[in-house]
Amino acid sequence: MPNPVSRYLRHHFRHFNAATVVEAADGWRALLDGGGHMFLTIAGAMSTAELGISIAELIRQKKVHGISCTGANLEEDVFNLVAHDHYVRIPRYRDLTPQDEAGLLDRHLNRVTDTCIPEGEAMRRIEAAVFAEWQAADQRKERLFPHEFLFRILRSGVLREHYQIDPKDSWMVAAAEANLPMFVPGWEDSTLGNMYAGHCIEKHICNVHTARTGIEYMASLAAWYQETSAKHPIGFFQIAGGIAGDFPICVVPMLHQDLGRTEVPLWAYFCQISDSTTSYGSYSGAVPNEKITWGKLGPDTPSYIIESDASIVMPLIAALILDS
């Protein structure tokens, strides 16, 4: 029996972007039914938008098999996990004056659209926990990827007493429990990345490469993609644009054109939720056909673009995917 949301969508979402929502979800389910795996990319401020509620369940039900995300999304899901009750929502954020914004700064509230992240309860609490892991690894001359440090603190239970949401609504908790393949390009452009740089400058961490690099993430992704695509077609579902999507989709042309491994399959499905504008020349707004010219997709790859707000669309897609 279909769930109520799924029934509603199939009855009402018949044309334009609405129809594409249903078609893209059906394409995702067809990929999985055919033995395929889905790779999800997360950009924008989706963790602060609490898309973890949808994404965590997709991970638990093995509807997602790998993730690329920005450093901000990696950390902000964990920030929300431990500091949710201290967040401040500002519904009329468009009315804020520069003086109002300065007042939020004075209160150590960092605004993301309509939501303010509390520095002390979120950012500094996580910094203290992850810094202990950074230092310990540095002293052992051990090197880990940025997401692996967060997986360690989530698995250790050191934060559990501070949880302010049900951990089942945290996609990072679900990813850590599943040991999901993760790739975080450009991690340096994040709050924890800035903190890590500061600790390196102050010599609290001796080896800057204790946190492994983006080039190593690409090499790791290439190994994962080759091994996985030999057994399963891999789809690519992109939430918003930016480096979280641009970086991993390039693994296929890199393998083909730079390494000569032309037997590696192309991505087997593509969908992007985007509000970017193609005519501005933005890669994030490029229609899927443009990716054919770069050797990322094929002419027959099932491809969809949903021009809408990911914070609205993604929970609806999840409802359709989980309706089984």
Side-chain angles (χ1 to χ4, degrees), residues 20 23-44 63-70 73 145 180-187 189 212-307 310 317:
T20 308
E23 292 163 355
D26 287 345
W28 183 332
R29 292 183 65 174
L31 177 81
L32 299 181
D33 290 345
H37 283 190
M38 184 58 78
F39 188 84
L40 181 68
T41 79
I42 311 171
K63 311 296 187 185
V64 169
H65 303 86
I67 286 180
S68 169
C69 71
T70 59
N73 277 294
F145 284 117
L180 200 73
M182 290 274 295
F183 310 92
V184 191
W187 172 73
D189 179 24
R212 297 179 68 183
T213 67
I215 297 299
E216 290 174 283
Y217 262 132
M218 179 56 84
S220 175
L221 173 61
W224 175 82
Y225 190 91
Q226 289 174 97
E227 180 181 356
T228 305
S229 66
K231 303 171 186 174
H232 310 276
I234 306 175
F236 193 101
F237 194 98
Q238 182 172 346
I239 301 175
I243 194 172
D246 301 351
F247 178 91
I249 203 168
C250 291
V251 72
V252 172
M254 183 196 75
L255 289 167
H256 287 185
Q257 299 167 23
D258 300 322
L259 297 175
R261 301 178 187 180
T262 54
E263 75 286 356
V264 175
L266 297 172
W267 295 99
Y269 163 107
F270 177 82
C271 180
Q272 181 181 7
I273 307 170
S274 176
D275 61 2
S276 187
T277 304
T278 305
S279 62
Y280 291 166
S282 68
Y283 179 77
S284 298
V287 296
N289 280 358
E290 185 176 299
K291 293 171 175 57
I292 296 171
T293 73
W294 291 86
K296 300 166 183 174
L297 307 177
D300 301 320
T301 305
S303 300
Y304 314 87
I305 188 161
I306 305 166
E307 295 176 312
I317 295 271

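FYI, the numbering just counts along the sequence from 1.
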Which atom of [X] lies closest to which atom of [Y], heavy atoms considered:
X	Y	answer
I42	N73	O-ND2, 3.4 Å
C250	D246	SG-O, 3.1 Å
V251	A222	CG2-CA, 3.6 Å
M182	C69	CE-SG, 4.3 Å
G235	M38	C-SD, 3.4 Å
S303	L297	OG-CD1, 3.9 Å

Give a yes or no answer on whether the side chain of [X] reaches the backbone of [Y] with a donor-acceptor pair at less than 3.5 Å.
X	Y	value
E216	T213	yes
Q272	A240	yes
S68	A244	yes
Y269	A24	yes
D258	P253	no

Going by side-chain contact (heavy atoms from CB on, under 4.5 Å), name the residues that satisfy it together with I243, two or more places apart in sequence or in a different chain.
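Counting only residues at least two positions away or on another chain, I243 forms a side-chain contact (heavy atoms from CB on, under 4.5 Å) with T70, P185, F247.
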Set of residues satisfying side-chain contact (heavy atoms from CB on, under 4.5 Å) with respect to D189, sequence neighbours excluded
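side-chain contact (heavy atoms from CB on, under 4.5 Å) check on D189 returns nothing, list empty.
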F183/F145 under ring pair (Phe, Tyr, Trp, His ring centres under 6.0 Å): CA gap, chis, key distance, verdict:
CA-CA 9 Å; F183 310 92; F145 284 117; 7.8 Å; no
Would F39 and W267 count as a ring pair (Phe, Tyr, Trp, His ring centres under 6.0 Å) here? Give the steps.
CA-CA 10 Å; F39 188 84; W267 295 99; 5.7 Å; yes
Is there a side chain to side chain contact (heavy atoms under 4.5 Å, CB included) between V264 and M254 once you walk through the steps?
CA-CA 11 Å; V264 175; M254 183 196 75; over 6 Å; no
Report yes if some heavy atom in the side chain of [X] is under 4.5 Å from a heavy atom in the side chain of [Y]; otherwise report no.
X	Y	result
L40	I239	yes
W28	C271	no
L266	H256	yes
I306	I317	yes

Output every pair passing side-chain hydrogen bond (donor to acceptor under 3.5 Å, both in side chains) with a member in residues 221-234, not counting sequence neighbours, ordered by first then second residue.
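Pairs touching residues 221-234 that pass the test: W224-T228, Q226-R261.
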Atom [atom1] in [X], atom [atom2] in [Y]: separation rounded to 0.5 Å?
X	Y	atom1	atom2	value
D26	D33	CG	CG	10.0 Å
L32	H37	CG	NE2	8.5 Å
I305	Q238	CD1	CD	8.5 Å

